[in-house]
Amino acid sequence: RTFLVPSRHQLAFKAAPREGARQSWVLATDVTRTDAFSGGFRFTDEFLSVTGYFNECSDVARVCYKLAGTRLLIADKDELPDGENVLLKRAENCPIKLLSKQQAIELTRLRACGVEVGVSVILQSSDHNILLTRRASHLKLFPGYWVPPGGHIDPPEQITAAGLRELQEEVGIQVNLSRCTVLTLGLWESVYPNQLDWGLPQRHHIVIYCLVRSSCNHTDLQEEINLCEKEVDACAWIKPNMARALVFGMEPKIQNLPPNIRICTVKQGKHKTEELPVSAFLPTKQDRGHITEVLSAGTTFGLQRWLEQLSP
């Protein structure tokens, strides 16, 4: 039988349970982008969060996923043939779980748009640096936030191909699949605006975080950088100690960080190297400064999963 779920082109099937087993659900969302609403499947009042759908008691769920044609399928762990088991997570203060009943009713735009699918690439160099970009200030979603390169999937692309295309489009780096390895770090449920006091949620995404390990060092990769000003206005290579400080909120001196971090910026087509104080990301107790460079919660999730991969 059919269960109504929150997305354009989206449907969940309730499978017949095995004897003695709990019932299994499969969530399917179309990765194509279109203004036409198809199928008539709407949000239900009972279900607004994908993570909450799989685990009502937590912000984390273990799920199985795969891309089947133009549909991203998400199910309980081990329930999809040829699927990959991954971690699905949402922010602790995810606006969707904090909505009042009246606010949930008012989510007309989110109900119409449904859950969209994106891919985010954490590019790791051979010397264990990763690349982050700062989203352009004119963008509607997360302007000015530091994130890995990424975007939507354009069918018939596969997930890795979509991520590598976005990497090349946004920063100019072309990765040869034969010279890299790819690993899914996890799925992140993203909602924007990401705070209720900024307004009701307008967009809803499942973002697939992929780790791409390059055989080139970050200095050689930096030579290829050509930032797309429409999408990003800066990029930076992040070392593991900086990532730990960003994820866990450690003071710079604990991680032996330098006072400044080098970034590459672009303005009116011209690239230049600048330096930002680490305190712009991590203000110290002494300066009591305000964080002016912000990471998205999804980026923090991706960095944490990356650091876990580096651990022995």
*Asks:* Using only atom types and a distance under 3.5 Å, with no angle test, would you say the side chain of Gln103 pairs donor to acceptor with the backbone of Ser100?
*Replies:* yes

*Asks:* Start with the C-alpha distance between Trp146 and Phe281, add both sets of side-chain angles, then the distance that settles ring-ring contact (aromatic ring centres under 6.0 Å, His included), and finish with yes or no.
*Replies:* CA-CA 10 Å; Trp146 284 90; Phe281 296 88; 5.8 Å; yes

*Asks:* Hey, is the main chain of Asn217 close enough, under 3.5 Å, to the side chain of Ser126 for a donor-acceptor pair?
*Replies:* yes

*Asks:* Distance from Ile206 atom CD1 to Trp188 atom CH2, nearest 0.5 Å?
*Replies:*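 So the CD1 of Ile206 and the CH2 of Trp188 are separated by 10.5 Å.
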
*Asks:* Are the side chain of Ser215 and the backbone N or O of Arg179 linked by a donor-acceptor pair below 3.5 Å?
*Replies:*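 Yes, because the side chain of Ser215 sits within donor-acceptor range (under 3.5 Å) of the backbone of Arg179.
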
*Asks:* With the threshold set at 4.0 Å, does a side-chain nitrogen-carboxylate oxygen contact exist between Arg135 and Asp233?
*Replies:* no

*Asks:* Can Lys77 and Glu79 be counted as an ion pair, charged N to O under 4.0 angstrom?
*Replies:* no

*Asks:* Would you call Arg134-Glu293 a salt bridge at under 4.0 Å N-O?
*Replies:* yes

*Asks:* So, the side chain of Asn129 versus the backbone of Asp127: is there a donor-acceptor pair under 3.5 Å, distance only?
*Replies:* yes

*Asks:* Distance-only, no hydrogens or angles: does the Glu229 side chain make a donor-acceptor pair with backbone N or O of Gln268 under 3.5 Å?
*Replies:* yes

*Asks:* Output the distance between atom CG (Leu185) and atom SG (Cys210), rounded to the nearest 0.5 Å.
*Replies:* 7.5 Å

*Asks:* Please say which of Leu131, Ile122, Leu123, Thr181 ends up in a side chain to side chain contact (heavy atoms under 4.5 Å, CB included) with Val212.
*Replies:*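 Considering Leu131, Ile122, Leu123, Thr181, a side chain to side chain contact (heavy atoms under 4.5 Å, CB included) with Val212 is found only for Leu123.
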
*Asks:* Cut-off 3.5 Å, side chains only: do Asn85 and Asp78 have a donor facing an acceptor?
*Replies:* yes

*Asks:* For Val147, is there any backbone N or O sitting under 3.5 Å from a side-chain donor or acceptor partner on Thr133?
*Replies:* yes

*Asks:* Say whether Glu189 and Ser49, considering side chains only, have a donor N or O and an acceptor N or O under 3.5 Å apart.
*Replies:* yes

*Asks:* Looking at Asp82, I'd like to know if its CG atom is crowded, meaning that more than 12 non-hydrogen atoms belonging to other residues, nucleotides or ligands lie closer than 6.0 Å.
*Replies:* no

*Asks:* As an exercise, state the distance from CG of Leu310 to CZ of Arg305, rounded to the nearest 0.5 Å.
*Replies:* 12.5 Å

*Asks:* Considering only NZ, NE, NH1 and NH2 on the basic side and carboxylate oxygens on the acidic side, decide whether Asp154 and Arg165 come within less than 4.0 Å.
*Replies:*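 Yes, this pair counts.
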
*Asks:* I need the Ile159 CD1 to Ile208 CD1 distance, nearest 0.5 Å.
*Replies:*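 So the CD1 of Ile159 and the CD1 of Ile208 are separated by 3.5 Å.
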
*Asks:* What is the minimum heavy-atom distance between Val191 and Ile96, and which atoms define it?
*Replies:*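 For Val191 and Ile96, the tightest heavy-atom pair comes out as CG2-CD1, 3.6 Å.
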
*Asks:* Could Arg203 and Glu116 be called an ion pair, given the rule that one side-chain N must be under 4.0 Å from one carboxylate O?
*Replies:*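 Judged by the 4.0 Å cut-off on N to carboxylate O distance, Arg203 and Glu116 do form a salt bridge.
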
*Asks:* What heavy-atom pair brings Leu139 and Lys230 nearest, and what distance separates the two atoms?
*Replies:* CD2-O, 3.6 Å

*Asks:* So, taking the atom named CD in Gln309 and the one named CG in Leu183, what distance separates them when rounded to the nearest 0.5 Å?
*Replies:* 5.0 Å

*Asks:* When the ring centroid of Trp306 is compared with that of Tyr209, is the distance short of 6.0 Å?
*Replies:* no

*Asks:* Any donor and acceptor pair, going by atom type alone, linking the side chain of Asp59 with main-chain N or O of Arg90 inside 3.5 Å?
*Replies:*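 No, because the side chain of Asp59 does not come within donor-acceptor range (under 3.5 Å) of the backbone of Arg90.
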
*Asks:* Looking at Glu56, I want to see if its CD is surrounded by more than 12 non-hydrogen atoms of other residues, nucleotides or ligands under 6.0 Å.
*Replies:* no

